[in-house]
Amino acid sequence: MRKKIVAGNWKMNLTLDEGHQLVAGIVKNLPELNSDRQVVIAPPFINIQHTFYQVEDTPNIFIGAQNCHSEDEGAYTGEISAAMLKNAGAEYVIIGHSERREYFNETDALLAKKTDRALDNGLKVIFCCGESLDVRDAGTQNEFVEAQLKAGLFHLHKHQLVNVVIAYEPIWAIGTGRTASAQQAQDMHAHIRKVVAEQYGQAPADNMTILYGGSCKPSNAAELFACADVDGGLIGGASLKAADFTGIIDAMIKA
Ligand code: PGA
């Protein structure tokens with residue numbers, strides 16, 4: 001059964017106190033979620049355990065991390081392992097966000113290793129892909145995203161896919177206020193599902209949750225989530241305000 005998910009990626013925003021206030025506001029107004037509708041909150045590492053305790057009694061709301069290291073443990077000063085995240089209460093980890101790829105030079109090969117570490121340690125992966133404006137203008141976005149998925153994800157075995165969510169985030173739409181149109185999102189999501197089907201078969205592709213990310217907000221969420229292959233959103237800026245995030249969750253529930 002394909003799940004619908006709204007995931008909030010706080011990025012490097014909010015102190016522990018500010019995060020506490022935000023989560024209190026979200027939980028207070030959260031409509032009841034069935035098990036096929038989930039909310040994920042991905043705060044900075046330092047908030048994970050606290051945020052987990054805030055939501056642990058609320059069904060179908062989970063904690064995500066924004067990154068993890070590619071090794072299980074060892075002398076990697078300043079890094080955080082997948083096992084630590086799981087133990088602190090995380091259920092999901094975002095892998096391959098375009099900001100990690102760009103500012104931290106994370107390559108496809110590294111992202112493939114991170115995906116393995118996350119899954120090995122019982123985390124579910126939200127694997128991000130998406131093209132730059134140059135690629136979109138050249139009209140080669142389908143090939144570009146397909147190559148990212150092949151290099152970062154398609155070494156997995158079919159049975160592992162139940163623990164993977166794909167997030168399509170066109171870089172030109174992230175934090176820019178310029179959202180992909182519903183048609184652009186649908187076209188790419190359908191392409192991603194087709195590529196997954198070619199690699200793994202139709203059933204895993206049909207069950208795959210594919211999120212859209214990039215300037216998603218309450219005013220455009222309903223239109224995006226109404227697309228046949230858009231199963232929710234990965235939300236940056238609008239996940240930092242309880243009213244906005246709750247508005248997007250409402251759109252997902254009604255979709
Ligand atoms: P945005 O970010 O919603 O602020 O555009 C989305 C993301 O980077 O996940």
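In listed order, ligands and their atoms are each counted from 1.
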Is any N or O atom of His97, backbone or side chain, closer than 3.5 Å to an N or O atom of ligand 1?
yes

Suppose we measure from atom 9 (O) of ligand 1 to each protein heavy atom; which comes out shortest, and what is that distance?
Glu169 OE2, 2.6 Å

Within less than 4.0 angstrom of ligand 1, does Gly213 place any heavy atom?
no

Check the orientation of His189 and Tyr212. Use parallel for under 30°, tilted for 30 to 60°, and perpendicular for over 60°.
tilted

Does Gln183 form a side-chain hydrogen bond (donor to acceptor under 3.5 Å, both in side chains) with Asp187? I'd like the steps, not just the answer.
CA-CA 6 Å; Gln183 191 61 53; Asp187 288 350; 2.8 Å; yes

Judging by distance only, is a nitrogen or oxygen of Glu99 under 3.5 angstrom from one on ligand 1?
no

Hey, is Ala173 touching ligand 1 through its side chain, its backbone, both or neither, going by heavy atoms under 4.0 Å?
backbone

State whether Asp116 and Lys113 are salt-bridged, where the test is any N-O pair (Lys NZ or Arg NE/NH1/NH2 against Asp/Glu carboxylate O) under 4.0 Å.
no

Which atom pair, heavy atoms only, marks the closest approach of Lys114 to His69?
CG-C, 4.2 Å

Only heavy atoms count here, so choose which of Pro170, Cys128, Gly175, Gly233 is nearest to atom 5 (O) of ligand 1.
Gly175

At what distance is the nearest protein heavy atom to atom 4 (O) of ligand 1, and which residue and atom is it?
Gly237 N, 2.8 Å

Pair Asp229-Gln186, side-chain donor/acceptor within less than 3.5 Å:
yes

Go through ligand 1 atom by atom and flag the ones less than 4.0 Å from a non-hydrogen atom of Ser215.
1 (P), 3 (O), 5 (O)

Salt-bridge present (Asp36, Lys4; N to O < 4.0 Å):
no

Is the closest basic N to carboxylate O distance between Arg101 and Asp108 below 4.0 Å?
yes

In terms of residue, atom name and distance, what is the protein heavy atom nearest to atom 3 (O) of ligand 1?
Gly236 N, 2.9 Å

